[in-house]
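In what follows, chains carry the letters A, B, and so on, assigned in the order in which the sequence lines appear, proteins first and then strands, with residues in each chain numbered from 1. Keep in mind it's a predicted model, so treat the numbers as computed, not measured.
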Protein chains: 2
Amino acid sequence: MTARAFHHGNLRAVLLDRAEAMLREVGTDGISLRELARQAGVSHGAPRSHFIDRQALLDTLAERGFDRLTDKLKSSMAAGDPFDATFHRVAHAYVEFAVQDAALMELMFAAKMADPPAHIQNAAERMFQTFDELIDLGHSDGVLSADAKYRLKLLFAVTMQGTATLTAARRITAAQGAALIDDATALILRAATEPTSRI
Amino acid sequence: MTARAFHHGNLRAVLLDRAEAMLREVGTDGISLRELARQAGVSHGAPRSHFIDRQALLDTLAERGFDRLTDKLKSSMAAGDPFDATFHRVAHAYVEFAVQDAALMELMFAAKMADPPAHIQNAAERMFQTFDELIDLGHSDGVLSADAKYRLKLLFAVTMQGTATLTAARRITAAQGAALIDDATALILRAATEPTSRI
DNA sequence: ACCTGAACACCGTTCAAGT
DNA sequence: ACCTGAACACCGTTCAAGT
């Protein structure tokens, strides 16, 4: 199989894999379509056959990021541990992902000028649905209203997202972030499970 | 005063103001030194006299962002309202800033590859110190330990940061973000003020 | 001290042409 | 259907030269 044949039909996948690596190594600004083409051994115009422009490639990276995070969160929920243990583990998994792939996380939660493409929105939606599944693990008995579950989910989401951002921006260390997640999850769980729930 | 004389001595300020506007209009990627020079009526090499490179200008924008946010938060704390009202108001002010200047906020909390410059770190530190002042408004009587205050501050910080990110990324609406801030601040305040504090 | 303008290397994007 | 390669416009950065 020659190098030419290797890229017959899977250049798209090669470009995405190399782009993910490049994202980790030099950040979003360092991603160049021409450099990507060079590394894949094709001409600089070749990527155009798979991505209409640079932003389309970045959008696809974001979509894949959401899918990978979804998988990671679902794995963290698989075990049959007590609810609060699962709750903690999912939160730590989320922050771990966000810190390890900080540049990717920025793409996933970028404040775009225009509306985000539907395929990213859908991937993000699937990720957020894992939070619903998580909450149902501990509250599927009808104690919490749908509204309460939704608010609980948002509290959970913003805590992890904020911790991830402050850790990636080096405002706090990973250890402080982990301790913070423990504090926050304990607080949220207490609010959700105590007799006179305020949530 | 001719256009030539106008830029004598304040090109730096003009560039920064135009860059801030450009940031809001077209985002970070849309900021071009050459376009900035064009708008300021100087040659494309002129910005070099004030910013060593493009990143240095973006760093300065981030620093100014922290300073402006610090001012806004301090203004929100000025009034002599009950503590919980002040707490809420500061939180809403933070998220309001973050949503209005979402692109700037990304610059301020960017996950850089290298270590952030000291002048940004210092500006960020001053901003976070307003949280200490805020907490001392309600807990300067020695009830909370220094460690508890620190953890309270982090809980507060990540809640706002996460809400800001999810709102800017259009995962939730501004109204949902505001309701979320109310939920979270109530939860945090309760944890900080109840007799058997868990914080 | 600050600004000009040519020069250089590198981009993203387009598109007719090849296979 | 996918890739090539020339062409175009636009960058960031450098630097000798001006004032």
Length of the CZ-P vector between A:Arg38 and D:dC3, whole Å: 17 Å
Return the value, rounded to whole Å, for the distance between atom CD of B:Gln39 and atom P of D:dC10. 15 Å
Regarding the side chain of A:His44, the nearest nucleotide among D:dC11, C:dT13, D:dC3 is C:dT13
Please determine, by modelled atom types, if B:Glu35 and B:Gln39 share a side-chain donor-acceptor pair under 3.5 angstrom. yes
Presence of A:Arg12 side-chain N/O under 4.0 Å of D:dA1 phosphate oxygens OP1/OP2: no
Parallel, tilted or perpendicular: which describes the rings of A:Phe109 and A:Phe128, with under 30° parallel and over 60° perpendicular? perpendicular
Residue met sooner reading DNA chain D from 5', once A:His50 and A:Arg34 are mapped to nucleotides: A:His50
Is a side-chain donor-acceptor pair under 3.5 Å present for A:Arg171 with B:Gln121? yes
Rounded to the Å, how far apart are B:Glu35 CD and D:dC10 P? 10 Å
What is the distance, to the nearest angstrom, from the CZ atom on A:Phe51 to the C1' atom on D:dC3? 15 Å
Please report, rounded to the nearest Å, how far the P atom of C:dC10 is from the CG atom of A:Asp29. 18 Å
Are side-chain N/O atoms of A:Gln100 and A:Glu96 paired as donor and acceptor at under 3.5 Å? no
In whole angstrom, what separates B:Ile52's CD1 from D:dG12's C1'? 12 Å
Counting only side-chain nitrogens and oxygens, does A:Ser49 get under 4.0 Å of the OP1 or OP2 atom of D:dA1? no
Among C:dC3, C:dT4, C:dC11, which nucleotide sits nearest the side chain of B:Leu11? C:dC3
Which nucleotide sits closest to the side chain of A:Ala46: D:dC3, C:dT4, C:dT13? D:dC3
Phosphate contact (C:dG12 OP1 or OP2) by A:Arg48 side-chain N/O below 4.0 Å: no
Parallel, tilted or perpendicular for B:Phe83 and B:His139, by the 30°/60° rule? perpendicular
Atom-pair distance (CZ on B:Arg54; C1' on C:dC10), nearest Å: 14 Å
Nucleotide nearest B:Leu33 when distance is taken to its side chain, options D:dT13, D:dT4, C:dC11: D:dT13
For A:Gln55 and C:dG12, give me the distance from atom CD to atom P, rounded to whole Å. 12 Å
Can you tell me the Watson-Crick or wobble partner of D:dA6, both distances under 3.5 angstrom? C:dT14
